[in-house]
Amino acid sequence: QPIPTGKEGPLKTIVANTWDSIVNNPTKDVFVKFYAPWCGHCKQLAPLYYKLAQYLSKHEEIVIAEIDATANEIDEQVQGYPTLKLYKANNKKNPVEYKGDRSFDDMKRFLKDNSSFSKPNKKDDLQLKT
């Protein structure tokens with residue numbers, strides 16, 4: 001796919017040519033949704049995933065991104081759609097696959113529990129190191 005042009009919103013679109021610059025950025029955690037345009041589950045997840053991107057938009061150290069896995073050749077194994085993986089800033093070679101419910105709260109909790117930038121708190125709200 002061609003590199004996206006124009007101003008992007010809180011959800012980053014990755015293509016093969018931008019994979020390294022976005023996902024392998026050593027200063028950011030990148031939560032990637034691998035999807036197929038024809039996939040019903042992907043279409044169902046889309047609004048919740050966008051909501052997560054909006055929610056985290058103030059946290060520049062975490063990128064919420066998506067890639068059309070059927071239109072971009074990358075060196076990544078995906079068994080089904082959608083697949084969600086967290087590429088941590090400090091460990092790009094070992095992404096953490098998301099296996100939870102496809103809900104906003106569960107994805108938020110996953111990032112809170114697995115992000116390189118999370119810090120402990122008592123509330124069930126994502127708190128990041130500053």
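One-based numbering along the sequence shown.
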Measure the CG-CG distance between Leu52 and Leu11 for me, rounded to the nearest 0.5 Å. 9.5 Å

Close side-chain approach of Ile14 to Val23, heavy-atom, < 4.5 Å: yes

Between CZ of Arg109 and CG of Asp101, what distance do you get to the nearest 0.5 Å? 9.0 Å

Answer yes when Lys12 and Glu66 have at least one side-chain N-carboxylate O distance shorter than 4.0 Å, and no when they do not. no

Please report the shortest heavy-atom distance between Asn114 and Val96, naming the atom on each side. OD1-CG1, 4.1 Å

Cation-aromatic face contact Lys108/Tyr55, 6.0 Å, 45 degrees: yes

Hits for salt bridge (charged side-chain N to carboxylate O under 4.0 Å, His left out) against Asp20, two or more places apart or cross-chain, chain-then-number order -> none

In terms of heavy-atom contacts, Thr70 and Tyr81 come closest through CG2-OH, 3.9 Å

Got more than 12 heavy atoms from elsewhere within 6.0 Å of CD, Glu60? no

Quick check on Lys51: does its NZ atom have over 12 non-hydrogen neighbours (other residues, nucleotides or ligands) under 6.0 Å away? no

Are the aromatic ring centres of Phe110 and Phe31 under 6.0 angstrom apart? yes

Using a 4.5 Å cut-off on heavy atoms from C-beta on, say whether the side chain of Arg102 contacts that of His41. yes

Would you call Ile67 and Val15 a side-chain contact if the rule is heavy atoms closer than 4.5 Å? no

Are Leu86 and Lys88 close enough that some pair of their side-chain heavy atoms sits under 4.5 Å apart? yes

Glu76/Phe34 under side-chain contact (heavy atoms from CB on, under 4.5 Å): CA gap, chis, key distance, verdict: CA-CA 10 Å; Glu76 189 64 37; Phe34 298 86; 3.7 Å; yes

Residues Met107, Leu45; criterion side-chain contact (heavy atoms from CB on, under 4.5 Å); working and verdict: CA-CA 11 Å; Met107 289 185 290; Leu45 179 62; 3.9 Å; yes

Minimum heavy-atom distance between Tyr49 and Leu84, given as atom pair plus value: CE1-CD2, 3.7 Å

Verify the distance criterion only: is there a donor paired with an acceptor across the side chains of Ser103 and Asp105 at less than 3.5 Å? no

Looking at Cys42 and Lys33, what are the two nearest heavy atoms and their distance? O-NZ, 4.2 Å

Using 30° and 60° as the class boundaries, would you call the ring planes of Trp19 and Tyr87 parallel, tilted or perpendicular? perpendicular

Ala16 and Asn72: which non-hydrogen atoms are nearest, and at how many Å? N-OD1, 3.1 Å

Quick one: closest heavy-atom pair of Phe117 and Ile62, and the distance? CD1-CG1, 4.4 Å

Validation row: Asp29, Val63 side chains within 4.5 angstrom (heavy atoms): no

Hey, does Asp68 have a side-chain heavy atom less than 4.5 Å from the side chain of Pro37? yes

Under the side chain to side chain donor-acceptor pair (under 3.5 Å) rule, what pairs show up with a residue in residues 89-98, not counting sequence neighbours? Asn90-Ser116, Asn91-Asn94

